[in-house]
Undergrad: 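I have a structure here, written as structure tokens, and I will follow up with some questions on it.
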2 protein chains.
Amino acid sequence: MTNETTLPDATLRPASPHPLSPRQMGMMRHLSDQQWARLAPAMTERVTALPDTVLSTRGKKLEYSLLLLDGLVARSVPRADHDRSTFVALQFPGDFVDLHAFPLKKLDHDIVALTPSELAVIRHDKLTELLNDDVELARVLWSLTLVDAAIHRHWVMRNSAMRAFGRVANFLSEFDARMTVALGEERDRYPLAITQADIADATGVTKVHVSRTLRDLREDQCCAIRNGTLEIICRDRLRKRGEFDDSYLYFPEPFKTV
Amino acid sequence: MTNETTLPDATLRPASPHPLSPRQMGMMRHLSDQQWARLAPAMTERVTALPDTVLSTRGKKLEYSLLLLDGLVARSVPRADHDRSTFVALQFPGDFVDLHAFPLKKLDHDIVALTPSELAVIRHDKLTELLNDDVELARVLWSLTLVDAAIHRHWVMRNSAMRAFGRVANFLSEFDARMTVALGEERDRYPLAITQADIADATGVTKVHVSRTLRDLREDQCCAIRNGTLEIICRDRLRKRGEFDDSYLYFPEPFKTV
DNA sequence: CGTATGCTTGAATCACGTCAACTGATGTGG
DNA sequence: CCACATCAGTTGACGTGATTCAAGCATACG
């Protein structure tokens with residue numbers, strides 16, 4: 001199911017020839033220009049991952065964290081005696097994927113690339129230096145991990161209290177909203193490189209039923225997934241069906257709703 | 001359902017005559033003695049709450065955070081057009097209940113006391129002072145919020161991927177484990193002041209089905225809830241049924257397993 | 001080519017929700 | 001003190017949403 005290739009040091013490569021520039025990316029907009037100017041130069045390495053690559057493994061000590069530049073990445077909990085693992089979070093471009101490992105040292109889940117992905121590396125010792133000198137930056141990074149926590153809470157609510165149809169509608173609404181922030185603009189069509197099995201792992205619905213639910217959403221003129229493209233047919237209807245309210249995402253300007 | 005009484009300032013009372021002493025409480029054991037010595041004196045006020053009291057409300061700006069000293073408190077997401085709200089987290093004595101509100105300013109959920117509870121108040125301006133002077137303490141508090149996040153992820157897994165029987169078994173295993181840390185010792189009987197409806201809200205199973213599931217657990221010699229007491233009949237069996245592994249709780253010494 | 005993967009669909013089954021009736025404990029007011 | 005209401009929990013009967021099993025189809029790939 002996964003490539004079983006836990007990120008060897010060899011896959012970390014220098015960032016040249018393309019340095020980090022576009023801070024106008026997704027949740028990084030929570031940082032001020034100055035803060036970004038301090039953080040970006042510290043990320044001098046890159047990682048490229050193919051689908052199903054395990055970027056970090058549950059329980060293993062981590063000495064760096066990763067900022068997702070491009071692609072989609074899941075936090076995945078493998079379950080004994082079950083063929084599929086459960087996704088407990090999804091990360092979009094502009095998200096720190098395992099910043100949680102900075103204070104905690106170890107993570108309780110795997111990090112897996114779902115699509116071809118590009119990430120920037122920041123070493124924890126470097127980060128310690130930076131944050132010791134800059135209380136404000138530390139506060140912002142803390143906030144970013146707490147937004148993750150807020151999203152976790154939303155997933156708990158969604159996957160415990162809603163039924164399949166609303167769950168998938170809500171999930172796709174979140175996908176739409178977070179992609180909007182990641183791309184910097186609202187679109188009606190997104191390349192959706194994840195499979196129905198991925199949606200199943202994220203929503204706790206079997207993949208067979210995900211297929212049926214997507215058909216229902218299509219017939220209901222909410223959205224349609226065709227040839228690897230998610231088309232938002234009627235955003236309002238989709239959000240209503242999924243009882244979706246984006247305030248838990250704590251969007252940065254100019255997407256702010258809270 | 002709830003008292004609808006959002007904590008008025010009037011309910012904050014001075015901590016006298018009993019100052020905070022027992023740092024040997026639950027997750028506060030993550031702090032060093034010195035760190036506790038710095039933090040404790042800053043909490044000069046107390047709150048007492050009856051069951052169903054709303055301690056803080058979703059979306060409202062918060063100027064203080066609360067440390068739970070005694071009782072049980074839930075993070076609750078109200079749902080439009082539904083009679084019950086969903087619990088996305090539970091807090092035990094020794095937990096900071098809304099430390100998330102310190103960096104985020106607003107929360108995305110309500111905080112509700114489930115049992116008669118006692119809490120210590122820490123003002124955010126005071127906390128800012130403290131943390132600006134003490135990078136290490138800031139790091140520890142950050143960690144504590146990330147343990148919350150890890151628990152959220154576990155709840156996502158549990159409530160999306162497990163069925164009613166395992167879900168409730170897992171929930172009660174977590175209850176047992178966290179109570180052990182909160183009390184400082186392992187017990188086979190706990191006063192369980194929460195109702196089956198609360199368990200239902202936390203696990204996403206209807207309360208009728210919770211009742212049946214608890215009967216099954218009793219007949220299976222795992223645990224029994226009688227007259228407000230949770231009796232652990234066979235901890236191993238209970239944990240096995242719930243596929244429970246406590247590593248996600250990041251227990252402090254001397255309970256550490258990670 | 002053959003094989004693997006993603007998706008779709010149908011039919012059978014089952015876990016769980018819903019509705020409803022009943023119990024026992026607790027509390028309140030006349 | 002009794003009548004009555006309320007709330008937590010239990011149990012049975014029934015309905016249904018979702019899983020499971022299975023077959024089939026399209027596309028991609030070595």
Side-chain angles (χ1 to χ4, degrees), chain A residues 1-3 50-52 72 79 81-84 86 114-116 158-169 171-172 191-220 223-231 241, chain B residues 1-3 50-52 72 79 81-84 86 114-116 158-169 171-172 191-220 223-231 241:
Chain A
M1 173 152 315
T2 50
N3 277 342
L50 291 176
D52 294 328
L72 280 177
R79 293 185 64 212
D81 301 327
H82 295 263
D83 42 347
R84 303 272 315 174
T86 304
L114 297 184
T115 71
R158 175 168 71 212
N159 292 359
S160 332
M162 303 180 73
R163 348 181 126 219
F165 185 78
R167 240 188 254 189
V168 174
F171 174 82
L172 292 174
L192 184 85
I194 63 177
T195 66
Q196 292 189 5
D198 292 329
I199 299 177
D201 291 338
T203 57
V205 172
T206 56
K207 66 183 182 194
V208 174
H209 203 62
V210 166
S211 172
R212 292 190 237 268
T213 305
L214 290 177
R215 168 173 48 72
D216 295 343
L217 282 168
R218 208 181 311 126
E219 286 173 357
D220 196 30
C223 65
I225 299 181
R226 277 185 287 253
N227 331 321
T229 301
L230 167 66
E231 180 193 355
R241 296 285 189 275
Chain B
M1 171 152 315
T2 49
N3 276 343
L50 291 175
D52 295 330
L72 281 177
R79 292 185 67 213
D81 303 328
H82 295 262
D83 42 346
R84 305 270 317 175
T86 304
L114 297 184
T115 71
R158 175 168 70 213
N159 292 359
S160 337
M162 303 181 74
R163 313 165 168 284
F165 185 78
R167 243 188 253 189
V168 174
F171 174 83
L172 292 174
L192 183 85
I194 63 177
T195 66
Q196 292 190 6
D198 291 329
I199 299 177
D201 291 339
T203 56
V205 173
T206 57
K207 65 182 183 195
V208 173
H209 204 63
V210 166
S211 173
R212 294 190 237 266
T213 305
L214 290 176
R215 168 174 47 74
D216 295 343
L217 283 168
R218 210 181 309 126
E219 288 173 357
D220 197 29
C223 65
I225 298 182
R226 277 185 285 253
N227 332 324
T229 301
L230 167 66
E231 180 193 355
R241 296 285 188 272

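Side chains are part of it too, since the values below use all heavy atoms of this structure and drop only hydrogens, waters and symmetry mates. A, B, ... follow the sequence lines: proteins, then strands. Residue 1 opens every chain.
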Undergrad: Tell me what A/R215 touches on the nucleic acid: a base, only sugar-phosphate, or nothing, going by heavy atoms under 4.0 Å.
TA: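 Sugar-phosphate contact only.
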Undergrad: Could you give the CZ-to-C1' distance, from B/R212 to C/dA20, as a whole number of Å?
TA: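 After rounding, the gap between these two atoms is 12 Å.
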Undergrad: Rounding to an integer number of Å, can you tell me how far A/E219 CD sits from C/dT9 P?
TA: 9 Å
Undergrad: Could I get the full list of side-chain hydrogen bond (donor to acceptor under 3.5 Å, both in side chains) partners for B/S160, not counting sequence neighbours?
TA: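 Here the qualifying residues are A/N159.
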Undergrad: Nearest to the side chain of B/V208, which nucleotide is it out of C/dG10, C/dC7, C/dC19?
TA: C/dC19
Undergrad: What's the shortest heavy-atom distance between A/A161 and B/T86, and which atoms?
TA: CB-OG1, 3.3 Å
Undergrad: By side-chain hydrogen bond (donor to acceptor under 3.5 Å, both in side chains), which residues pair with B/R79, not counting sequence neighbours?
TA: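 With sequence neighbours excluded, B/R79 shows a side-chain hydrogen bond (donor to acceptor under 3.5 Å, both in side chains) to A/E243, B/H82, given in chain and number order.
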Undergrad: Whole angstrom is fine here: how far is it from CZ in B/F165 over to P in C/dC14?
TA: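 Computing the B/F165:CZ to C/dC14:P distance gives 18 Å.
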Undergrad: Between C1' on C/dA15 and CZ on B/R167, what's the gap in Å once rounded to a whole number?
TA: 11 Å
Undergrad: Under 4.0 Å: is that the gap between some side-chain N or O of B/T206 and OP1 or OP2 of C/dC16?
TA: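 Indeed not, no polar side-chain atom of B/T206 lies that close.
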Undergrad: Looking only at heavy atoms, what is the nearest atom pair of B/R167 and B/M162, with distance?
TA: NE-O, 3.0 Å
Undergrad: Enumerate the protein-to-nucleotides 22-27 of chain C contacts in which both atoms are nitrogen or oxygen and the separation is below 3.5 Å.
TA:
none

Undergrad: To the nearest 0.5 Å, tell me how far A/T206 OG1 sits from A/D201 CG.
TA: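 It comes to 11.0 Å.
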Undergrad: Reading DNA chain D 5' to 3', which nucleotide is the first, and which the last, to come under 4.0 Å of any heavy atom in chain B?
TA: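 Span of nucleotides near chain B: D/dG9 to D/dT20.
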Undergrad: Could I get the full list of side chain to side chain contact (heavy atoms under 4.5 Å, CB included) partners for B/A193, not counting sequence neighbours?
TA: B/T115
Undergrad: Could you state the CD1-P distance from A/I199 to C/dT8, rounded to the nearest angstrom?
TA: 10 Å
Undergrad: With sequence neighbours left out, what residues match A/R212 under side-chain hydrogen bond (donor to acceptor under 3.5 Å, both in side chains)?
TA: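 Checked A/R212 against side-chain hydrogen bond (donor to acceptor under 3.5 Å, both in side chains); zero matches.
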Undergrad: What residues, two or more places apart in sequence or in another chain, satisfy salt bridge (charged side-chain N to carboxylate O under 4.0 Å, His left out) together with B/R158?
TA: B/E174
Undergrad: Not counting sequence neighbours, which residues clear side-chain hydrogen bond (donor to acceptor under 3.5 Å, both in side chains) with B/T195? List them please.
TA: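 Checked B/T195 against side-chain hydrogen bond (donor to acceptor under 3.5 Å, both in side chains); matches are B/D198.
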Undergrad: Between C/dC7, C/dC16, C/dT18, which nucleotide has the shortest distance from any of its atoms to the side chain of A/R163?
TA: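 Ranking C/dC7, C/dC16, C/dT18 by closest atom to the A/R163 side chain puts C/dT18 first.
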Undergrad: Let me check the geometry of the helix from C/dC1-D/dG30 to C/dG30-D/dC1. What is the bend angle between the axes at its two ends, five pairs each, to 10°?
TA: 30°
Undergrad: Considering residues at least two apart in sequence or located in another chain, which fulfil the side chain to side chain contact (heavy atoms under 4.5 Å, CB included) criterion with B/T229?
TA: B/R189
Undergrad: Out of C/dC16, C/dC19, C/dG17, which nucleotide sits closest to the side chain of B/V205?
TA: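 Selected nucleotide: C/dG17.
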Undergrad: Which of these, A/L192, A/V168, A/L214, A/L217, sits in a side-chain contact (heavy atoms from CB on, under 4.5 Å) with A/C223?
TA: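 Only match with A/C223 under side-chain contact (heavy atoms from CB on, under 4.5 Å): A/L217.
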Undergrad: How long is the line joining CD of A/Q196 and P of C/dT9, in whole Å?
TA: 10 Å
Undergrad: Can you name the side chain to side chain contact (heavy atoms under 4.5 Å, CB included) partners of B/D220, sequence neighbours left out?
TA: B/F165, B/C222, B/R237, B/R241
Undergrad: Is the shortest heavy-atom distance from the side chain of A/I199 to the side chain of A/T213 under 4.5 Å?
TA: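 Not touching, per the 4.5 Å side-chain cut-off.
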Undergrad: So which of residues 223-230 of chain B are in contact with DNA chain D, with a heavy-atom cut-off of under 4.0 Å?
TA: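 Those residues whose heavy atoms fall under 4.0 Å from DNA chain D, taken from residues 223-230 of chain B, amount to none.
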Undergrad: At what distance, to the nearest 0.5 angstrom, does CG of A/L172 lie from OG1 of A/T203?
TA: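 It comes to 9.0 Å.
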